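The block underneath contains the structure these notes are about, expressed in structure tokens.
What you see is a predicted model, and the numbers here were worked out from it, not measured in a lab.
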Amino acid sequence: MEEVIPEYSWLENSTHVCYEEEMAGSVTSHFCGLRDDCQGMVLPLVLEITWSKQFRAALYFIGLLYSFLGIGIVSDLFMSAIEKITSKTKQVHLPNSGDDGPDVIEYPVWNGTVANLTLMALGSSAPEILLAIIGIVGNNFEAEALGPSTIVGSASFNLLAISAVCISGIPDGETRRIQQFPVFCITALFSILAYIWLLVVLVFISKDRIEIWEAVITFLFFPVLVVIAYCADKGWLNKLFCHDPDKHANKQQQIELGSCQPGESEGMLGDTEYFKGGRVDRDALVGFIKDIKKNTKLSDEDAAVIAASKVVDSQPKSRIWYRIGATRNMTGGRKIQPSLKMNDKLKEVYDAINDHSELPNIEYPDSDAEKSIIEFHASSAAVMENIGTFKVLVCRHGKLTSTVRVRVETIDGSANEGEDYQAVNEVLTFEPHETEKQIGVTIVDDNQWEPDEEFFLKLSMVSGDDSIEMKLGRTSIMEITILNDDEPGTFQFEKRGHLVKESCGNALLSIIRQNGADGDVTIKYKTIDKTAI
């Protein structure tokens, strides 16, 4: 007798899911149950009610992680594009009595506050905005559970959690000042008013509904915020916020004319203007390389490499550049690379070094995805003499699938091995997909006064089969400056001069402290009349 195999089927509608078992053309079992709440706009794609909740939770968790990764990649590209827009600069040509043509000063096109409130905020909040739009449109213009909650939660997180982290991150005994205090007060006030307005609209005016006029008014609050914040940034609302312009001058309205010239300060030329007239000032660059090599054991090639890296690193970067870098550091993303404009400046510096008859030829460290790129995280660092042992980060990017080795060694500058620091000469091994290594450098503390001194850390390739899998990045030499802590130090103006508008009101002049940092020091200053009285 032939065995009859039962047939199973699942039926579903908007409210119920039914199960039927049919045998020999007749229904032998039939039962229905209410649908669960796990029903989204797109998911589930298949009938998941027969799966266990544990399996479904694990599957959705993996899907969420995959989605977050995709959103992170797209947002990173979006933020990089915004950084390209907001970092745009214009050139101002100033007459020059010399034969080199007019001096060229670059200044940003975008106001920092406006860029932060518009494009930067759009870039960082784009995922939750798109999520809310998709949810509203796909749900017949009725609010779904995730979109509005994400926006409100993100705003409150920025207002409360981020502010708390910034405050708690200040080391004990130190203070930090809010640079644009009126702007901070305005944005904080509007953040709180936004929650109050949301409560008034949804509870008192039109309960659980958003009318067209309410949406229009809500949107108009945004340009009002931008305009008021811009006025505060320009200093037009200082009196309203009891902000003393004499104590907090607007430094954006002045042009710095460069650092003190050689002989005016001790130490290395770390702040000279190397892009004079919009082009590399080759004489200043040659002087900087010679000054680096002076009283050190660096070779000509090493001095040229560290000079090129320090010159490019000294160029100003936008706020969003640092935001992208911080995001990538927290999420384990790749190290943020210089923008196209910074790469152009780097190549210009390398070309100037290679074309100069007195300087050696050095290889341009272009990116190579086929090799592992090893370099220090920064071209220079300054530490106190009493720090003991501090950590230096060596980074790897490019190809990550191979095992590579690199040697780290110290080179004397004005600081000497054994007397001022303990020598380092070791080999670091990067395993596959390992992107960072730390090395410890020990500073020798003494009670004898001496000027600030520097030495260098150098990366070099280790001979072997793995050497063909790697190359050194542009920051292959790092300068370490030891700050003397046995004397109060010497003080001088950071820049030798400033060009300011007559209407700027107040100019802000920076004073630097060198050759010691022991104790609190008060200095006096006065003005001396020349052609201006």
Side-chain angles (χ1 to χ4, degrees), residues 165 168-172 174 298 302 305-306 309-310 312-313 321-338 365 367-368 371-413 415-418 420-445 452-464 466-467 469-483 485:
V165 170
S168 62
I170 300 176
D172 294 338
E174 297 186 14
L298 291 174
D302 293 342
V305 169
I306 192 173
S309 181
K310 288 173 67 66
V312 175
D313 285 344
W321 191 92
Y322 294 102
R323 175 178 289 187
I324 295 173
T327 302
R328 292 186 182 178
N329 287 336
M330 289 188 296
T331 58
R334 70 187 188 278
K335 179 183 177 183
I336 184 170
Q337 300 298 315
S367 60
D368 190 349
K371 292 186 177 182
S372 295
I373 312 297
I374 311 293
E375 60 183 340
F376 291 109
H377 76 290
S379 61
S380 61
V383 297
M384 299 297 295
E385 188 180 26
N386 61 355
I387 193 175
T389 301
F390 68 98
K391 299 294 184 180
V392 175
L393 191 65
V394 182
C395 302
R396 173 193 186 187
H397 55 94
K399 183 179 180 181
L400 302 177
T401 57
S402 58
T403 299
V404 295
R405 297 178 300 162
V406 64
R407 181 178 298 278
V408 184
E409 57 184 331
T410 52
I411 301 176
D412 282 352
N416 296 318
E417 168 189 331
D420 302 299
Y421 68 94
Q422 295 182 5
V424 173
N425 190 349
E426 59 182 87
V427 175
L428 299 179
T429 301
F430 285 83
E431 300 296 337
H433 303 288
E434 189 175 12
T435 58
E436 293 181 353
K437 284 281 190 182
Q438 287 186 339
I439 58 172
V441 181
T442 301
I443 305 299
V444 178
D445 190 15
D452 295 344
E453 299 174 315
E454 71 278 339
F455 65 97
F456 304 91
L457 288 172
K458 178 183 177 181
L459 296 175
S460 58
M461 301 176 65
V462 179
S463 58
D466 57 353
S467 60
E469 299 286 337
M470 63 161 288
K471 64 183 299 185
L472 299 179
R474 69 179 181 91
T475 317
S476 59
I477 301 177
M478 183 178 183
E479 177 196 9
I480 308 295
T481 302
I482 305 175
L483 302 177
D485 61 349

Heavy-atom closest contact ([X] atom, [Y] atom, distance):
X      : Y      : value
Val404 : Ser372 : CG1-OG, 4.1 Å
Arg405 : Met470 : O-SD, 3.1 Å
Thr481 : Asp452 : CG2-CB, 4.4 Å
Ile387 : Ile443 : CG2-CG1, 3.9 Å
Ala378 : Met478 : O-CG, 3.5 Å
Leu472 : Met461 : CG-CG, 4.1 Å

For Phe430, give me all partners under ring-ring contact (aromatic ring centres under 6.0 Å, His included), at least two apart in sequence or on another chain.
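By the ring-ring contact (aromatic ring centres under 6.0 Å, His included) rule, Phe430 matches no residue at all.
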Do [X] and [Y] have side chains that approach each other closer than 4.5 Å (heavy atoms only, starting at C-beta)?
X      : Y      : result
His433 : Thr401 : yes
Leu483 : Val383 : no
Ile477 : Ile411 : no
Leu457 : Thr410 : yes

Could you go through Leu459 and Ile374, starting from their C-alpha distance and side-chain angles, then the distance that decides it, and tell me whether this counts as side-chain contact (heavy atoms from CB on, under 4.5 Å)?
CA-CA 8 Å; Leu459 296 175; Ile374 311 293; 4.1 Å; yes
From [X] [atom1] over to [Y] [atom2], what is the distance, rounded to the nearest 0.5 angstrom?
X      : Y      : atom1 : atom2 : answer
Tyr421 : Asn416 : OH    : CG    : 7.5 Å
Glu426 : Leu428 : CD    : CG    : 5.5 Å
Asn425 : Arg407 : CG    : CZ    : 5.0 Å

Could I get the full list of salt bridge (Lys or Arg N to Asp or Glu O under 4.0 Å) partners for Glu434, not counting sequence neighbours?
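Scan of Glu434 (salt bridge (Lys or Arg N to Asp or Glu O under 4.0 Å), adjacent residues dropped) gives Lys437.
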